[in-house]
There are 2 protein chains.
Amino acid sequence: MGALDRSLIADMPNFAALGPDEIDFVLSHAKSVRYPKGAVVFEQGAGAENFFVLLHGNLQVAKLTPAGQQVVIRYVVPGDLFGIAVQMGRPHYPATATAVVDSVALVWPAASWAPLLARCPALAAGALQTVGSRLDDAHVRVVEMSTEEVERRVAHTLLRLVKQSGRKVEEGIQISFPITREDVAQMTGTTLHSVSRILSAWEAQGLVEGGRQRIVVRDPHRLFGLAEGRVAAATAQRNPPLDGEGRRAKPGGVV
Amino acid sequence: MGALDRSLIADMPNFAALGPDEIDFVLSHAKSVRYPKGAVVFEQGAGAENFFVLLHGNLQVAKLTPAGQQVVIRYVVPGDLFGIAVQMGRPHYPATATAVVDSVALVWPAASWAPLLARCPALAAGALQTVGSRLDDAHVRVVEMSTEEVERRVAHTLLRLVKQSGRKVEEGIQISFPITREDVAQMTGTTLHSVSRILSAWEAQGLVEGGRQRIVVRDPHRLFGLAEGRVAAATAQRNPPLDGEGRRAKPGGVV
DNA sequence: ATTCTTGTTTGCGGTTCGACAAATAGCCTG
DNA sequence: CAGGCTATTTGTCGAACCGCAAACAAGAAT
């Protein structure tokens, strides 16, 4: 296998502080691996033998409860450091990572972490920041689940997905990887039924556009207003009652 | 102010890897500060000017939503590193820390982190582990809030509190700092009313014993079974119906 | 001791949302 | 192109749980 090119990681926040020699050193421990769509990169509970940086594609990270219910923790996007159980001193992966599209990642053996750190202490700071921002995300999610009703949680989640992996299309901004209503439900702590109803209601209002494993946000601004709770928007649950003329009774104007 | 004694932190996981000289060096940057009950150690949104280790007492860390709702993130116990926004590269504290009893903490200026790290690289590994375990906790909480109903969430939360800060008393194990039903509600994403009802039901079954700002777990084992969902236990909401003889209809035996 | 404040208990009505069910519609495969 | 699998939509029902309200303790302050 040929040597990996510096440009692969030189611009990533996690490695930006390193000099060219250091980058080469770091890359000399890595190999590049392809994961076809559906492939499991690592599994919850398995020994944490590697850590990774995603180059292309998208992964879903999910936790399975003892009762067999799944909760989606996050989606990994290119540039992300992931599978960093070793760095946190954990012997096992706490969740399962699956490729949702064909993906490519750099892979380091867990054992490489110590020597890498010895040569490039700045890596520790980078990892700390990465984990810190994940911690923040997790706390935001806890707060949302504690204080917001389902519709607003879905709105927030959608906005985050769009921000992270939005691809501009003519009708609006589309989440750039396939994602089911069930997935969204597992991110927001609700059921696929509720998500479907909510998206349908939003679609009727021209807020989003749905499709099979596809979500396009047409009006991010209005969706944001909804996420912030400025308007109750659609009742979503139960179809909104029809008014006298048989048209949908629309909620108060969006501010 | 006299020099701080090594024994203060020598046994803490975060500093265990350091030699005596290094510990002295680390301590030379710190000062010890007392926070009376109710004092705010740092406030959400304020500049992250310090980081801390708790020596005595207990702190509550909570986030406030824009709408003014509060969510309790965790309770800090002696030995914990906290307020480590700097380490994660964040300029502001993401939450507010308040002393729930008279407390004492070691305080370092944020600016000391870099020199400390330069001298003792092992500190980075320690911080990484600390943040990692917090991340785990947060994810566990997300999973619980996504998949468990209120009663089980409260059970899990109580067990965690007991594990972290349980003090043995004659009737069982008591949470060693004052905590209100409202606090528990803010940890589980519910209302103080629901918590009160649940605790009352449990008390009627001899599982716990309540008091003003006081919770004693009498039967941790049964509570655990409940948390794991092995039994539906008490209906909790609404008083359970009386059976023919006027006694409480008890649910199936605990496995 | 009396008053005040803060925390707790409990009841009741209403809403949100999950569980169950069944029909419809894309997409892939043979 | 037919068949089959998976994703989505939509309906109905019921229950978990929250909001409001009011009464009740237990400390703290004066």
Side-chain angles (χ1 to χ4, degrees), chain A residues 36-38 67 69-71 100-101 145-155 175 177-186 188-204 208-216 229 232-242 248, chain B residues 37-38 60 67-70 100-101 145-155 175 177-186 188-204 208-216 229 232-242 248:
Chain A
K37 175 173 179 173
Q69 294 170 94
Q70 205 180 332
V71 176
V100 294
V101 296
M145 302 226 311
S146 296
T147 64
E148 296 175 3
E149 65 280 25
V150 172
E151 189 179 17
R152 288 180 57 192
R153 297 208 300 269
V154 174
I175 296 169
F177 50 81
I179 184 168
T180 67
R181 311 286 184 258
E182 173 84 47
D183 292 326
V184 176
Q186 292 180 354
T188 48
T190 181
T191 63
L192 89 153
H193 305 278
S194 294
V195 172
S196 177
R197 276 187 246 271
I198 289 169
L199 289 185
S200 294
W202 288 350
E203 187 154 12
V208 304
E209 199 175 300
R212 193 189 172 83
Q213 304 198 90
R214 199 181 66 107
I215 301 175
V216 181
T235 307
Q237 280 305 109
R238 293 287 182 293
N239 289 348
L242 302 179
R248 300 277 183 206
Chain B
K37 175 175 179 170
Q60 182 198 65
Q69 294 171 93
Q70 208 178 356
V100 294
V101 297
M145 303 225 309
S146 296
T147 63
E148 297 175 2
E149 66 279 24
V150 172
E151 188 178 17
R152 288 180 57 192
R153 296 208 301 269
V154 173
I175 296 170
F177 50 81
I179 185 169
T180 68
R181 310 286 183 258
E182 172 84 47
D183 292 326
V184 176
Q186 293 181 353
T188 48
T190 182
T191 63
L192 89 152
H193 304 278
S194 294
V195 172
S196 177
R197 277 186 246 270
I198 289 169
L199 289 184
S200 293
W202 287 350
E203 186 154 13
V208 304
E209 199 175 302
R212 192 191 174 82
Q213 306 198 105
R214 200 182 66 106
I215 302 174
V216 181
T235 307
Q237 281 305 107
R238 294 284 184 294
N239 288 349
L242 302 179
R248 298 278 182 207

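By convention in this document, chain letters (A, B, ...) are assigned in the order of the sequence lines, proteins followed by strands, and residues within each chain are numbered from 1. Please read all numbers here as calculations on a predicted model, not as lab measurements.
- Taking the side-chain hydrogen bond (donor to acceptor under 3.5 Å, both in side chains) definition, one finds that B:Thr180 meets it with B:Asp183, sequence neighbours left out.
- Atom CD of B:Glu149 is separated from atom C1' of C:dC17 by 14 Å (rounded to the nearest Å).
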Tell me, with the steps shown, if B:Arg214 and B:Glu209 meet side chain to side chain contact (heavy atoms under 4.5 Å, CB included).
-> CA-CA 8 Å; B:Arg214 200 182 66 106; B:Glu209 199 175 302; 3.8 Å; yes
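- One interatomic measurement links the two molecules: NE2 of A:His193 to C1' of D:dT12, which rounds to 13 Å at whole-angstrom precision.
- Between the C1' atom of D:dG19 and the CD atom of B:Gln69 lies a distance of 13 Å, rounded to the nearest Å.
- Here CD1 of B:Ile198 is found 13.0 Å from NE2 of B:His193. Values are rounded to the nearest 0.5 Å.
- Rounded to whole Å, atom P of C:dT9 lies 13 Å from atom CH2 of B:Trp202.
- In this structure, B:Gly211 and A:Thr190 both approach DNA chain C, and ranking their closest nucleotides by distance from the 5' end singles out B:Gly211.
- Protein atom CG of B:Leu192 is 14 Å distant from nucleotide atom C1' of D:dA22, rounded to whole Å.
- Taking side-chain N and O atoms only, A:Ser196 has a distance below 4.0 Å to OP1 or OP2 of D:dT9.
- If you measure from atom CZ of A:Arg214 to atom C1' of D:dT6, you get 17 Å, rounded to the nearest angstrom.
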Given the rule in the side chain to side chain contact (heavy atoms under 4.5 Å, CB included) test, do A:Ile179 and A:Val100 qualify, once you have shown the distances and angles that lead to the verdict?
-> CA-CA 8 Å; A:Ile179 184 168; A:Val100 294; over 6 Å; no
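- Here the side chain of A:Thr180 is nearest to one of C:dC17, D:dT12, D:dT8, namely D:dT8.
- Taking only side-chain nitrogens and oxygens, B:Ser194 comes nearer than 4.0 Å to OP1 or OP2 of D:dC18.
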Contacts under 3.5 Å, N or O only, protein and nucleotides 25-29 of chain C:
none

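- The CZ atom of B:Arg153 lies 9.0 Å from the OG1 atom of B:Thr147; values are rounded to the nearest 0.5 Å.
- A sub-4.0 Å separation between OP1 or OP2 of C:dT8 and a side-chain N or O of B:Arg181 is present.
- With C:dG18, D:dG11, C:dG11 as the choices, the nucleotide that has an atom nearest any side-chain atom of B:Arg197 turns out to be C:dG11.
- For B:Thr191, taking side-chain heavy atoms from C-beta onward, the closest of the listed nucleotides C:dT16, D:dC18, C:dG7 is D:dC18.
- Within the 3.5 Å criterion, the main-chain N or O of A:Val184 finds a donor-acceptor partner in the side chain of A:Thr188.
- Atom CZ in B:Arg152 sits about 15 Å away from atom C1' in D:dA16, given to the nearest Å.
- Among the protein residues, A:Ser200 comes within range of the sugar-phosphate backbone only, with heavy atoms under 4.0 Å from sugar or phosphate atoms but none that close to a base.
- If you measure from atom CD of A:Glu182 to atom C1' of D:dT9, you get 15 Å, rounded to the nearest angstrom.
- Comparing C:dT16, C:dG7, D:dT9 by their nearest atom to the side chain of B:Gln213 picks out C:dG7.
- Between B:Arg212 atom CZ and B:Arg181 atom CZ the span is 10.5 Å, to the nearest 0.5 Å.
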